[in-house]
2 protein chains.
Amino acid sequence: MNKDNNIVCEVELIDEKKVKAVQKRLPDDSLITELSETFKNLSDFTRLKILLSLAEDELCVCDIAALTGVSVSAISHQLRLLKNNRLVSHRKEGKMVYYSLDDEHINKIVNEASKHCKEYAE
Amino acid sequence: MNKDNNIVCEVELIDEKKVKAVQKRLPDDSLITELSETFKNLSDFTRLKILLSLAEDELCVCDIAALTGVSVSAISHQLRLLKNNRLVSHRKEGKMVYYSLDDEHINKIVNEASKHCKEYAE
DNA sequence: ATTTCAATTGAATAATTGCTCAAATGTTGT
DNA sequence: ACAACATTTGAGCAATTATTCAATTGAAAT
């Protein structure tokens, strides 16, 4: 803490001016946290495949399990995560529950990421 | 295995036709794997903050550590991951190593994800 | 040569995560 | 009421991961 009772960085800086300029342009930590949590949803093979599938069509849990080759239980756990993060929504029809994509941004995000992947395929 | 010695799905399907149609439109598993690995890089708070910082300016390891409030060693470990995934590049200048963003897609991906986050901020 | 400093590396540890298994819910059909 | 079925849930486990710490590398300065 300095004399004004502010927290000051005790790590040695090489270029303090540059660091402060960058810091000023960064989003709030809270937004960075939200962003990283959003990307976490896309960072698992199974979850990403679920999202890509739902981008094509609405599907029930059982069919998602078949598509991904993962147990129904595991899919249900993953769907709960995706639901909590507002990436999928669901609708009940009798015994069955149909899930669908709840965000038009997902496709755009995946498309941009695909460009990155393809750029470095050798 | 069926009579042709192919692996067949033993899970019961609800709507086989729909599943096959979706399956046909999905990217290869190898691309899904690459995509999920790309998103994994963005899914950690520290790494994402590093990338957002480098999007603003080229920075040395020490200054990135100061910016993020994380030890130099931890930053170095994370930078190695980002370097392996072709998200950052580096240039040496004497004792110091300057890192910079090596992908113009990162900004677009983050921008799209920001829209998702802001849509659900209540 | 020796010291100093920025950065890297490897081992170790605590925390997180994705899956399995078993049990529970809730709905439909008999 | 009961059985069958789709889905959910919670506990437990193995694998992964982000950080710390200590030691090392490589470059500049004395």
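The sequence lines fix the lettering, A, B, ..., with proteins before strands; numbering per chain opens at 1.
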For the residue pair [X] and [Y], what are the closest heavy atoms and their distance?
X	Y	result
A65(A)	V72(A)	CB-CG2, 3.8 Å
L35(A)	S114(B)	CD2-N, 3.5 Å
V88(A)	L79(A)	CG2-O, 4.1 Å
I64(B)	T68(B)	O-OG1, 2.8 Å

Answer yes when E112(A) and K115(A) have at least one side-chain N-carboxylate O distance shorter than 4.0 Å, and no when they do not.
-> yes

Pairing of E16(B) and K18(B) as salt bridge, 4.0 angstrom limit |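 Salt bridge: no.
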
Starting at atom [atom1] of [X], determine the distance to atom [atom2] of [N], rounded to an integer number of angstrom.
X	N	atom1	atom2	answer
I64(A)	dT7(D)	CD1	P	8 Å
L82(A)	dG18(C)	CG	P	10 Å
L81(A)	dT7(D)	CG	C1'	16 Å
L79(B)	dA7(C)	CG	P	10 Å
I75(A)	dT8(D)	CD1	P	11 Å
D15(B)	dC5(D)	CG	P	19 Å

Any residue of residues 38-54 of chain A with a heavy atom less than 4.0 Å from an atom of DNA chain C = K40(A), D44(A), T46(A), R47(A)

Under a 4.5 Å side-chain heavy-atom rule over Ile, Leu, Val, Met, Phe, Trp and Tyr, are [X] and [Y] clustered together?
X	Y	result
F45(A)	L42(A)	yes
V97(B)	I14(A)	no
L81(A)	L52(A)	no
L31(B)	L54(A)	yes

In terms of the nearest nucleotide of DNA chain C, which residue is placed more toward the 5' end: D63(B) or A74(A)?
->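 First, find each residue's nearest nucleotide; the 5'-ward one identifies D63(B).
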
Scoring nucleotides 24-30 of chain C by protein non-hydrogen atoms under 4.0 Å (B base, S sugar-phosphate only, - none) yields ---BS--

Give a yes/no on whether any side-chain N or O of [X] is located under 4.0 angstrom from OP1 or OP2 of [N].
X	N	result
Q78(A)	dC19(C)	yes
Y99(B)	dA6(C)	no
S71(B)	dT20(D)	yes

Take the angle between the ring planes of F39(B) and F39(A) and call it parallel below 30°, perpendicular above 60°, tilted in between.
->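 F39(B) and F39(A): parallel rings.
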
List, with names and distances, any nitrogen or oxygen atoms from the protein found under 3.5 Å away from nitrogen or oxygen atoms belonging to nucleotides 10-12 of chain C.
unit_1: dG10(C); atom_1: O6; unit_2: H77(B); atom_2: NE2; d: 2.8

Which nucleotide in the list dA6(C), dA7(C), dC19(C) gets nearest to the side chain of V72(B)?
->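 Minimum distance to the V72(B) side chain belongs to dA7(C).
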
